[in-house]
Amino acid sequence: HPDRLVDVDETGVWLAVCRRRYGHVPRGEKGETHAPYQVGKKYTVTLAIDTGGVVAYMISDAPGTTSEMWYAFLQGVLLPNLDAVGIPNRVLLYDNLSAHRNAAARALIVGSGHVAVNRPKYSCDLGSVEFANNVFKTELRSHWYDLTEDNLIDHVEDAIQTLTVE
């Protein structure tokens with residue numbers, strides 16, 4: 001049943017990734033704008049969605065996902081949120097990142113009454129969370145003009161809140 005599926009993935013966010021790539025100006029004029037070219041601090045956003053929208057997310061100030069971070073996300077964020085929704089025996093679908101192949105994390109998922117499934121290699125197009133990440137980053141880029149290192153996390157959380165099932 002599709003309501004049981006929970007798609008999980010990570011994406012990286014930093015100031016430079018939020019730059020607008022294109023602009024529009026009248027023919028013959030030069031387009032100029034302020035855009036942050038420095039990379040800045042990198043964050044990892046772990047996002048879990050189902051047919052109802054965003055189930056859980058975590059923003060960490062590390063540039064990648066480790067086995068410890070994956071376990072912490074499952075134990076402290078995702079699994080408690082799944083329990084609160086009350087749909088038993090959920091199917092957690094995630095990619096083949098080495099951090100996801102953590103035996104303790106898999107045991108935590110199975111021990112909570114859910115099913116852990118790795119996506120086949122090179123099959124990111126099969127996950128709906130990949131499309132959600134694109135929508136999320138597009139929304140984030142729409143605020144490129146006022147993004148700073150200090151307010152980036154606030155804009156990330158606002159962009160996540162805009163994700164809907166449509």
Margin query: Considering only residues two or more places apart or on different chains, which pairs with a residue in residues 67-79 satisfy salt bridge (Lys or Arg N to Asp or Glu O under 4.0 Å)?
Written below: none
Note to self: Looking at T44 and G64, would you say the former's side chain and the latter's main chain have a donor-acceptor pair under 3.5 Å?
What the structure shows: yes
Next item on the list: Would you name the heavy atoms of N89 and R4 that are closest together and state the gap between them?
Entry: O-NE, 2.6 Å
Next item on the list: Report yes or no: does N118 contribute a side-chain atom to a donor-acceptor pair with the main-chain N or O of D95 at less than 3.5 Å?
Entry: yes
Next item on the list: First locate atom CG of D9, then atom CG of L93, and finally report the distance between them rounded to the nearest 0.5 Å.
Entry: 9.5 Å
Note to self: Distance check, rounded to the nearest 0.5 Å: D50 atom CG versus R90 atom CZ?
What the structure shows: 4.5 Å
Next item on the list: Drop me the distance from H100's NE2 to R106's CZ, to the nearest 0.5 angstrom.
Entry: 11.0 Å
Margin query: Quick check on the hydrophobic clustering: are Y43 and V54 connected, directly or via other members, by side-chain heavy-atom contacts under 4.5 Å?
Written below: yes
Check: In the hydrophobic cluster built from side-chain contacts under 4.5 Å, what are the other members alongside V8?
Finding: V6, V55, M58, W70, Y71, F73, L74, V77, L78, L79, L82, L92, Y94, L108, I109
Checklist line | Straight-line distance of R101 CZ to N96 CG, nearest 0.5 Å | finding: 6.0 Å
Next item on the list: Of all the heavy-atom pairs spanning S98 and S67, show the shortest one and how long it is.
Entry: O-OG, 4.4 Å
Item checked: Shared hydrophobic cluster, I49 / I160 (ILVMFWY, side-chain heavy atoms < 4.5 Å) -> yes
Margin query: Could you report the tightest heavy-atom contact between P88 and G86, atom names first, then the distance?
Written below: CD-O, 3.4 Å
Margin query: Taking side-chain contact (heavy atoms from CB on, under 4.5 Å) as the criterion, tell me which of I59, D158, D61 meets it with I153.
Written below: I59
Note to self: Rounded to the nearest 0.5 Å, what separates atom CD1 in I87 from atom OG1 in T51?
What the structure shows: 6.5 Å
